[in-house]
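The analysis underlying the following values was restricted to heavy atoms, covering all of them including side chains, and did not include hydrogens, waters or symmetry mates. By convention in this document, chain letters (A, B, ...) are assigned in the order of the sequence lines, proteins followed by strands, and residues within each chain are numbered from 1.
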Amino acid sequence: MVAAGKTLGLTEVKLMVKSKKYWLMKSEPGAFSIDDLIKSPGGITCWDGVRNYQARNIMRDEMKKGDRVLFYHSGKNPSVVGLAEVVREGYPDHTAWDENSVHPDPKSTPEKPIWYMVDIRLETKFEKPIPLKELRNVKGLENMVLLKKGMRLSVQPVAKKEFDIVLSLAKGA
DNA sequence: GCCAACGTTGGC
DNA sequence: GCCAACGTTGGC
């Protein structure tokens, strides 16, 4: 961290730009599951259909190539099921102006897009999913956005420390 | 299926 | 700008 008011040095700026960030993306497996991602060409998919401004802002402005993503299944047996990587940064979600898409929004146009998405590529599908109820008991995850009451964000930040803990759980540590 | 907690919409 | 009504998310 840099103290408030202090001018950033070039090294620090480079570090900030280069340092990876960590995210969690939710999906209803009935809509799009990690197995669907595996079947996608190159293991890559665009994360279309997000119609929430906070989640959009994260995808449009904050997610960068190389950032790592926890893939989460919501619904039945909610759990973190795998790991992915951002391979394309925010660009307009063209499904918004496709009236036949699952989440059309007539207010969004190619000229003035409202909704944005990123592309992610599968890295790993965990051998064993990590259930939400297990995460609730893990020391160090107390402040994880996913576990906060009422937090419904479908694209959310994860602290590096939290990310590392979740990964260690996946490896059975 | 229930419902709490949000987000969005639209009248005023 | 307020806020009631409505829609959605998502765990349980």
- Message: Reading DNA chain B from 5' to 3', where do the contacts with chain A start and stop? Cut-off is 4.0 Å to heavy atoms.
- Response: B:dA5 to B:dT9
- Query: Is it true that A:R68 and A:E85 have a side-chain N and a carboxylate O under 4.0 angstrom from each other?
  - Reply: no
- Message: For the CD atom on A:Q54, are there more than 12 heavy atoms of other groups (residues, nucleotides or ligands in this structure) within a distance under 6.0 Å?
- Response: no
- Item | Ion pair check, A:D35 and A:K125, cut-off under 4.0 Å | yes
- Query: Heavy atoms under 4.0 Å, any strand shown: does A:R51 hit a base, just sugar-phosphate, or nothing?
  - Reply: nothing
- Task: Find the bend of the helix from B:dG1-C:dC12 to B:dC12-C:dG1 as the angle between its two terminal axes (five pairs each), to the nearest 10°.
- Result: 10°
- Message: Any side-chain to backbone donor/acceptor pair from A:D67 onto A:K21? Under 3.5 Å, distance only.
- Response: yes
- Item | A:L24/A:M144 under side-chain contact (heavy atoms from CB on, under 4.5 Å): CA gap, chis, key distance, verdict | CA-CA 10 Å; A:L24 180 145; A:M144 198 171 175; 4.1 Å; yes
- Any sub-3.5 Å donor-acceptor pair from A:R51's side-chain atoms to A:H103's backbone N or O? yes
- Message: Within a 6.0 Å radius of atom CD on A:E99, are there more than 12 heavy atoms belonging to other residues, nucleotides or ligands?
- Response: no
- Query: Do NZ/NE/NH1/NH2 and the carboxylate oxygens of A:D164 and A:K160 come within less than 4.0 Å?
  - Reply: yes
